[in-house]
Amino acid sequence: MTKPSGIRSFFASVQLAIVLLSLIALFALIGTLVPQREAAGELAQHLSPALFSFLEKMQIFDLYSSIWFILLSTLLAVNITVCSLDRFPATWRRFRNRPVPLESSHFENLPPENRLQTTYDIRKAADVMENLLKKEYGKVDRQDEPDKSYLCAGRGHFSLFSVYVIHISILVFIAGAMIGSLFRVEGYVNLAEGETTDTIFLRGKESSLTLPFHVRCEKFTLERYPNGMPKSFRSDLTFFKEDKILHAGKLLVNHPLEVDGFRFYQASYGVVPGGKATLSLQKEGGGREVMNVAQGYTFDLPGGEGTFQVLRVEENLMEMGPAVKISVRSPKQETVFWIFQHIEEIRTSSPDIFEQVPVFNPGLFRPYTFALMGLEEKYSTGLQVNRDPGTTIVAVAAMMLICGLMLFLLSYSRHILVKIDSSSHQTQVLFTGQSYRNSGALQREIRNLADRVKTLLEEKT
Amino acid sequence: MIAATLLGWVTFIYFAAFVFYLIRMIRENENWGKLAGITTFAGLAVQSIALVIRWKTSYDLGMGHVPLANFYESLVFFAWSIVLLYGLMEWRLKNRALSVFVLPVAFLLLAYASIAPGMNNHIEPLIPALQSNWLTSHVLTCFMGYAAFTVAFALGVMFFVKKAFGAENSGQSTLLRLLPSDSQIDELNYSSVALGFIFLTLGIVTGSVWAHYAWGSYWSWDPKETWSLITWLFYAVMLHARLTRGWRGKRMAIMAIAGFACVLFTYLGVNLLPSLHSYLV
């Protein structure tokens, strides 16, 4: 056997694996304590600028995609690969070859539970033993010698490969995660009801991406339980490419939509001004009218004095709340003024506002007084838009990992060795076993087997 | 709220079972052991009934979800998993010694669930993020994993208790005779950790699948995700140390106890950090 070179034995060691796993855990831990990415900004105020920029250069605030994490994952991948290649030949030999119990050395110093005596002669006892082992383990190797017999059977040898399945799954996982970190697109877009877009904003970057199709939000519905808790968030979306509809349907939390390789998720919602307002118009000593208006709408005044037009609808004018700007035209004049929704509050805080700013008076055109009853609002939906070509690879890795672990837990490779010879004029049966782990379970299995053989050998006498 | 009343009783039943197991250890009388075993089983049965009632009630209220949807329900289910796993071990191994170390954890979890200030034990409808078929499999596997790690922790404590008594009485104490041998403790510790590791892996994988459908990414370095990874790595190190470096006995006992600290932080500690999992607080 050639002596492995230094670097190879370094990478083939399990100590290295233990150190690397611990380091990854440590880095992950630091990442949960030190604010990451956007959250790091707050920390900047408490640290000296020099220290902060040093830590930033060391990628402490973006640990999970830092060079440290890539380095550790790469080292772990190399470690796992070299380790597996190093050990596989031995495992293969273990899988192919059964221990040949030629020597008596396997059967030295056995506890009394692992021996039993019988009146059968050696060959007959070996026949009984062989039948039982065949029934339990399938294949039995038997080796008869003049004054003794050896039997060997085994089971669970495929589980020798479970560690390789597990370790390859980790390699596949690292590959999938790296592909993800290189080619992943993570974007978001807020769409008001009725709006259409083909542009998403990329998370963590100050850039946007143009999708190869358009998406329109037809409607957003928020359903609530009787106690007020949200029951469902639902967006009705239409995806289209040059007038051809690719997909139209509802998007719900936990039920993403996939269109052209991009996955859409219902992430959030908001309320945006719908551009419409409700105005009331009160004539002195006369009736009151309520109307829904939007920018550009023109109405006749009820008394026939003229017309008015809505010039602007403002959500929050000069920090004084919603307001609408209108122009009233009569044959004699044109009056332009603002109607605030919260006019009473404004007048309470500055009682002489109409004297200072006459255009804030909603009763500027006599004999009418306008009032803004409210602005119409509509929902906007927050969509998360992702594409991660590594996901499938990671899913394969997860399946492999689970299969490997199951194989590891539910089975183990072991051989049962039996020697039958004579001692003090009686036939004696000796049991032992070999396994690379789980010796306790093996010992229980052997005792169980010994008990059954004992009954069989007693029955026939 | 029959379920809540029943769960209140269960807390005391587990405590009674713990006391009976303790008396059995001290007086070395197996009748006490049998009584304790029956009491534990009764507690588990009542708790299972309470969980089913709670489940059914949620359907009667028109919400219809498994009782695994908030912190209170998770505490109750954690306790249930621990006792279930212990019950299976007592039955398989025919050894009752572990109870004295495992039952107090289940008892404390249930007691905390019923007396902690601000604990919300109402059945509530599911918010949109939790309306998923993955909820059950994710929570189930995670808590079975936690329960297995709790058993390993109890074995670690047992190892040190045994050492403490052994040093004083040079192996003559009654307690010592009823406790499993060092190598048995070690092997059980390993088996529990291996079982817990598989369940934790399943928990993380089901969680990732769910996150893939709900949040748009199979992994987003949310503190709870990160801590579950830390716990996973910790136990991975523990298994490697045992299987390839031959760590046994004291070292494994220390690892089992330290690993449980990771589990507790993953379960409770991360609530101190801002998290996507915050609906469990």
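Since we're looking at a predicted model, the values are computed, not measured.
- Heavy-atom pairs under 4.5 Å with chain B were tallied for A:Leu33, A:Asn254, A:Leu409, A:Leu63; the largest tally goes to A:Asn254.
- For A:Leu401, the part sitting under 4.5 Å from any heavy atom of chain B is the side chain, from C-beta outward, and nothing else.
- One finds no salt bridge joining A:Lys250 and A:Asp236 here, because no Lys/Arg side-chain nitrogen approaches an Asp/Glu carboxylate oxygen to under 4.0 Å.
- Tested against B:Ser81 for a side chain to side chain contact (heavy atoms under 4.5 Å, CB included), the candidates B:Tyr86, B:Phe143, B:Phe199, B:Tyr146 yield a single pass: B:Phe143.
- Both the backbone and the side chain of A:Ala28 come within contact range of chain B, with heavy atoms under 4.5 Å apart.
- In this structure, the portion of B:Tyr190 lying under 4.5 Å from any heavy atom of chain A is its side chain and not its backbone.
- The contact between B:Glu187 and chain A is made entirely by side chain atoms (from C-beta outward), counting heavy-atom distances below 4.5 Å.
- With chain B as the partner, the residue from A:Ile24, A:Val253, A:Asn227, A:Val163 showing the most heavy-atom pairs under 4.5 Å is A:Val253.
- Contact annotation for B:Trp134: neither backbone nor side-chain heavy atoms come within less than 4.5 Å of a heavy atom of chain A.
- Residue B:Ile204: no heavy atom, backbone or side chain, is found under 4.5 Å from chain A.
- If you tally non-hydrogen atom pairs under 4.5 Å between each of A:Met229, A:Arg263, A:Gln36, A:Gln384 and chain B, the highest count goes to A:Arg263.
- Looking at B:Thr231, there are no atoms closer than 4.5 Å to chain A (heavy atoms on both sides), in backbone or side chain.
- The most heavy-atom pairs under 4.5 Å with chain A, out of B:Leu195, B:Leu126, B:Asn133, come from B:Leu126.
- With a 4.5 Å cut-off on non-hydrogen atoms, B:Thr244 touches chain A through its side chain but not through its backbone.
- Of the atoms belonging to A:Ile402, it is side-chain heavy atoms, and not backbone ones, that fall under 4.5 Å from chain B.
- The pair A:Glu445-A:Arg414 counts as a salt bridge, with a side-chain nitrogen and a carboxylate oxygen less than 4.0 angstrom apart.
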